[in-house]
Each structure stands twice: as C-alpha cells, then as structure tokens.
There are 2 protein chains.
Amino acid sequence: MNYSVSEENYIKSIYHLQQQTETVTTNSLANELHTKPASVTDMLKKLQTKKLVEYEKYRGFKLNSTGNKIALNIVRRHRLWEFFLVNKLGFEWDKVHDIAEELEHVSSADLIKRLDSFLNFPQTDPHGDPIPDTNGKIAIIKQQCLTEIAAKKNVVVSSVSNQSPEMLEMLKHYHIAISTTLKVNKHFAFDGSVEIKVSQHASCIISQQVAANIFVHHD
Amino acid sequence: MNYSVSEENYIKSIYHLQQQTETVTTNSLANELHTKPASVTDMLKKLQTKKLVEYEKYRGFKLNSTGNKIALNIVRRHRLWEFFLVNKLGFEWDKVHDIAEELEHVSSADLIKRLDSFLNFPQTDPHGDPIPDTNGKIAIIKQQCLTEIAAKKNVVVSSVSNQSPEMLEMLKHYHIAISTTLKVNKHFAFDGSVEIKVSQHASCIISQQVAANIFVHHD
DNA sequence: ACTTTTTTTTAGATTTGTCTAAATTTTAAT
DNA sequence: ATTAAAATTTAGACAAATCTAAAAAAAAGT
C-alpha cells in the first residue's frame with residue numbers, strides 16, 4: 001500500500017516520539033509536526049481506519065506493528081539519503097535533514113535497494129543513528145550520554161542527538177565527530193561540565209548542555 | 001519563488017509540448033497530464049495570475065520567459081536525476097522516468113548543484129537529451145531522425161525519443177545505444193524501412209516506426 | 001469534592017487540486 | 001451562411017489536509 005506525504009510524516013513522527021514515551025499525546029505530536037492539535041486528531045482517525053495505530057479518544061495513541069514497520073521503512077529511506085548527501089555529495093551533516101525529509105517520500109522500493117547497494121550497505125547515518133534493514137530490523141546501539149560516563153574511561157562517540165549548525169560548530173571546534181575516541185577526565189559538580197581529552201589535542205571542558213547531546217559507547 | 005508539485009508538472013508539460021507547437025491547446029495538455037480539460041483551464045488561470053504563461057481564453061497558451069526558465073530548471077533536475085539513476089545506481093534507462101519524475105520536485109538548489117558536480121557535469125541524459133545549465137541555457141543539438149538520412153551516410157545516434165521497455169528491447173537487439181555509430185545502407189520505398197549496419201555486426205533492417213524514433217547527427 | 005486549568009475533540013470553514021455536467025466559443029462541413 | 005462538431009470554459013461539487021472557535025473530557029489544585 002502507498003501513503004501520502006502527510007500520512008508518512010505523521011507515522012514517522014509518532015515513531016520518533018515513541019522512542020521516548022510508549023504512548024504519544026495529541027499535543028506533543030502537534031508540536032513535533034508544527035501543526036495544530038485539531039489536525040492531529042483528524043489525521044489520527046484516518047490512520048486508525050487504515051489500521052496503522054492503536055488509538056482511543058482522549059487516551060493517546062501508538063503505532064501497531066504494521067505502523068511500526070512502515071515507520072521503520074521511512075526512517076530507513078531518510079537515513080540512507082542522509083548518508084548519500086554527506087558521503088557522496090559532500091554536505092555538512094547539519095544541512096541534510098530537510099533535504100532527506102523530501103527525498104524520503106520518493107516511493108520506489110527498487111530505488112532504495114539500489115541506493116543501499118551503491119552506498120555499500122551503511123549501518124548508520126551521518127549522525128550515528130542506525131539504519132533499519134529492509135525488514136524493519138534496527139540495531140539497538142547501547143549507548144550512554146557523556147554526562148553518564150565515569151571519569152578516566154575511554155569511549156567512542158557513536159551519535160549526536162542535536163543536528164543544528166550551532167552544535168556542529170562546537171563539535172568541530174572540539175575535534176569531535178562520529179567514531180572519535182575520547183577520554184573523560186573529570187566531571188565538575190558545580191555546573192555539570194565535563195573535561196575530556198580527544199586524541200592528540202589538549203584536554204578541554206565541555207558544558208553539560210553539550211555533553212548531554214553526545215552519545216558514546218565503550219571500547 | 002516556490003511552486004507546488006502540480007504547478008511544476010504543468011509548467012514542464014507545457015514546455016515539452018511547446019517543442020512541437022509554439023502555442024499549446026487545453027486538450028493536448030490535458031492529454032499529456034492524464035487529466036481533464038477543465039482542470040487544465042483552472043490551473044492555467046492560476047499560472048496566469050502568477051505571470052508564468054501568456055494565456056487568452058479559447059486561444060491556447062505558452063510559457064513566457066519566466067515560465068520558460070522555471071521549466072528548464074525542472075528539466076535540468078529531471079535529467080540530472082536520470083543520469084544519476086542510470087550511471088550510478090545501474091538502472092536501465094526505461095525504468096528511470098517515473099522515479100526522476102518524483103525526484104525532480106525536491107526543492108534544494110544546493111542539492112542540484114552538488115549532484116551536478118558529483119556526476120561530473122554531464123551534458124546529456126541517458127536518452128541523449130541535453131541537460132540545461134543553471135541559467136536555463138540548453139544545447140540545441142541539430143539532429144535528424146534515421147528516416148531522413150541519405151543512404152551510404154555514416155551517423156552517430158544522439159538520442160532516442162521513445163523510452164519504453166519495448167523500444168529498449170529492440171534497440172538492444174539491434175546493438176544500438178546512445179553514441180553508437182552506424183551506416184544507413186538503403187531506404188525501402190514499400191514500407192519506409194531502413195537497412196543499417198552497426199559496427200562489426202551484420203546489416204539489418206529496422207521498421208520505419210523504429211527509425212522515426214532514433215535521432216542521429218553526422219560524423 | 002468541587003473548581004480551575006489543560007488537553008483533546010468536534011463542528012464548521014478554507015485552500016489546493018481535481019472532477020462532472022452544462023454552457024459557450026471556435027472550427028469544420030455542407 | 002448556417003449548421004454540426006469539437007474544443008474550451010464556467011458553475012458547482014468533492015476529497016485531502018489544514019485551520020479556528022467552541023464543546024467535552026481529563027488532570028491538577030485547593
């Protein structure tokens with residue numbers, strides 16, 4: 001079956017919100033999509049009749065397994081295109097989201113299959129987020145954010161959850177990118193900032209706000 | 001300014017029809033877009049208020065210079081994506097039109113600039129049609145179709161105006177592709193068929209119907 | 001437990017792009 | 001020059017997706 005751009009955007013946003021809370025509220029979805037709660041209610045009735053969500057009036061909603069599969073397919077398309085934009089066309093990673101947002105709705109399965117192969121079957125997108133496979137299987141990367149890492153531990157940056165130009169600017173300044181290895185020296189109790197050391201560079205201190213957006217794994 | 005997918009499709013179709021006749025009729029455009037004449041009239045009023053077409057009731061219409069520039073930009077996007085699909089993703093040329101039809105509406109100028117550079121600034125798409133440049137300049141390739149070529153002349157295939165799988169099948173069978181060199185041996189008066197010789201293959205006869213879709217230039 | 005606030009839904013309107021059927025204009029035919 | 005046929009436009013309706021304003025339900029506060 002084929003879904004409209006609008007339907008796909010709703011499905012994808014519900015998916016993303018469900019990463020944080022099991023069931024999603026009308027307001028939060030309206031906020032995510034920059035639309036009005038009334039519009040959300042309208043669309044949710046539609047998604048319910050199409051049997052993609054579980055929805056009870058006033059009770060919130062969540063994707064059922066069909067909806068989830070569709071969401072993962074959209075996420076797959078989005079992340080493959082992001083990979084393409086960064087690794088083939090040379091975009092900076094803070095510029096690709098909006099373009100991938102449009103490309104993800106191009107509805108050819110063959111296209112995505114070939115794109116995947118052309119890109120050599122990447123496992124993660126440029127922000128370090130895993131790319132679901134054709135069957136909607138997605139790697140769960142056990143990761144912690146930098147604020148949770150004990151002092152003296154070596155870690156590898158696996159993803160960054162804020163993709164703004166401002167964030168990118170900071171990360172570049174600190175010489176941090178996906179798969180960069182760094183060592184946590186010390187946590188400061190006063191403001192939660194963290195001193196780290198990145199390879200051959202001098203140690204530096206990053207604010208809690210920045211640290212909270214950097215996800216890492218051990219080894 | 002930004003145009004809807006629908007508006008872009010109308011603009012592009014008017015452009016294509018104008019290649020054959022200076023002014024375009026409501027019916028022919030409806031036919032091209034698989035829509036109804038009434039819908040065409042509606043959209044044309046809109047394009048007129050947006051000052052993209054010259055339009056007089058019952059008199060047909062044509063793109064003005066603004067409309068023409070926009071059309072050429074859409075054609076540029078379409079053909080660059082077709083080139084990408086064939087030369088990078090390995091699609092056969094008869095499969096790319098519908099996908100490029102969707103990709104062409106993705107509205108990032110930077111994307112197209114980078115795609116162009118990634119593809120190494122191709123001059124023609126996989127069917128041999130010229131790709132307009134950023135300013136809407138398009139090479140006019142002086143070409144004749146095979147039925148018009150005098151016997152004993154050597155020519156190079158520059159484009160093929162029918163992109164169906166059936167046509168591709170025939171061309172493959174005859175070992176004809178874009179930039180193939182061939183020699184016209186003889187025209188048969190009875191049915192307009194043409195005997196040709198392609199490089200080291202044995203001469204063969206192609207029907208007038210096929211010959212009329214193969215465009216060539218000398219040398 | 002009752003009231004206030006917040007959240008969600010309904011009702012009705014709007015925009016974009018489309019359609020059918022009827023009316024109008026142009027073109028072709030006798 | 002009339003009439004018949006074809007092409008085009010208008011009028012009015014419809015579907016998708018959105019909105020505002022009002023009503024209803026749930027949650028929070030006293």
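Source: prediction; values computed, not measured. To find a chain, count down the sequence lines: A is the first, B the second, and so on, and within it residues start at 1.
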Peer 1: Among D:dT9, C:dT18, D:dT18, which nucleotide has an atom closest to any side-chain atom of A:Ser39?
Peer 2: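 Output: D:dT18.
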Peer 1: Taking all non-hydrogen atoms of both residues into account, name the closest pair between A:Val194 and A:His187 and its distance.
Peer 2: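 Heavy-atom minimum between the residues: CG2-ND1, 3.7 Å.
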Peer 1: Applying a 4.0 Å non-hydrogen cut-off, can you work out what A:Thr26 is touching in the nucleic acid: base, sugar-phosphate, or nothing?
Peer 2: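 Here A:Thr26 touches the backbone only, sparing every base.
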Peer 1: Check every atom of D:dA26, D:dT9, C:dC19 against the side chain of B:Thr35 and return the nucleotide holding the closest atom.
Peer 2: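 Looking only at side-chain atoms, B:Thr35 lies closest to C:dC19.
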Peer 1: Could you check how far CG of B:Asn27 sits from C1' of C:dT26, rounded to whole Å?
Peer 2: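 Rounded to the whole Å, the gap is 12 Å.
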Peer 1: Figure out the CG/C1' separation between B:Asp42 and D:dG12, and round it to whole Å.
Peer 2: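 Atom-to-atom, B:Asp42 to D:dG12, this comes out as 11 Å.
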Peer 1: Please list every stem that involves DNA chain C, where a stem is a run of 3 or more consecutive Watson-Crick or G-U wobble pairs with both pairing distances under 3.5 Å.
Peer 2: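 Stem segments, range with range: C:1-30 with D:1-30.
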Peer 1: Send over the distance from A:Lys36 NZ to D:dT18 C1', rounded to a whole Å.
Peer 2: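 Interatomic distance, NZ of A:Lys36 to C1' of D:dT18: 10 Å.
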Peer 1: Could you state the atom-to-atom distance from CD of A:Glu7 to C1' of D:dA15 in whole Å?
Peer 2: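 Rounded to the whole Å, the gap is 13 Å.
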Peer 1: Looking at A:Tyr10, does any N or O in its side chain come under 4.0 Å of the phosphate oxygens OP1/OP2 on D:dT18?
Peer 2: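 Yes, A:Tyr10 has a side-chain N/O under 4.0 Å of OP1/OP2 on D:dT18.
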Peer 1: Identify which nucleotide among C:dT10, D:dA26, D:dT18 has an atom closest to any side-chain atom of A:Lys45, counting heavy atoms from C-beta outward.
Peer 2: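 The closest nucleotide is C:dT10.
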Peer 1: Assuming nearest nucleotide by heavy-atom distance, tell me which of A:Ser6 and A:Tyr58 is located more 5' along DNA chain D.
Peer 2: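 Between the two, 5'-proximity favours A:Ser6.
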Peer 1: B:Met43 has an atom CE; how far is it from atom C1' of D:dT10, in whole Å?
Peer 2: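 Going from CE in B:Met43 over to C1' in D:dT10 covers 18 Å.
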Peer 1: Return the value, rounded to whole Å, for the distance between atom CD of B:Gln48 and atom P of D:dT9.
Peer 2: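 Nearest whole value for this atom pair: 10 Å.
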Peer 1: Could you state the OH-P distance from A:Tyr55 to C:dT7, rounded to the nearest angstrom?
Peer 2: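 After rounding, the gap between these two atoms is 16 Å.
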Peer 1: Reckon B:Thr41 touches a base, only the sugar-phosphate, or nothing at all at heavy-atom distances under 4.0 Å?
Peer 2: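 Contact class for B:Thr41: base.
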Peer 1: Among B:Glu32, B:Glu104, B:Glu7, which residue satisfies the side-chain hydrogen bond (donor to acceptor under 3.5 Å, both in side chains) criterion with B:Lys12?
Peer 2: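 Exactly one pass, corresponding to B:Glu104.
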Peer 1: Base, sugar-phosphate, or nothing: which does A:Phe61 touch, judged by heavy atoms less than 4.0 Å apart?
Peer 2: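 Result for A:Phe61 = nothing.
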Peer 1: Do A:His97 and A:His127 make the cut of ring centroids closer than 6.0 angstrom?
Peer 2: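 No - the distance between ring centres of A:His97 and A:His127 does not fall below the 6.0 Å cut-off.
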Peer 1: Roughly how many Å is it from NZ in B:Lys57 to P in C:dT26, rounded to a whole number?
Peer 2: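 Going from B:Lys57 (NZ) to C:dT26 (P), I get 10 Å.
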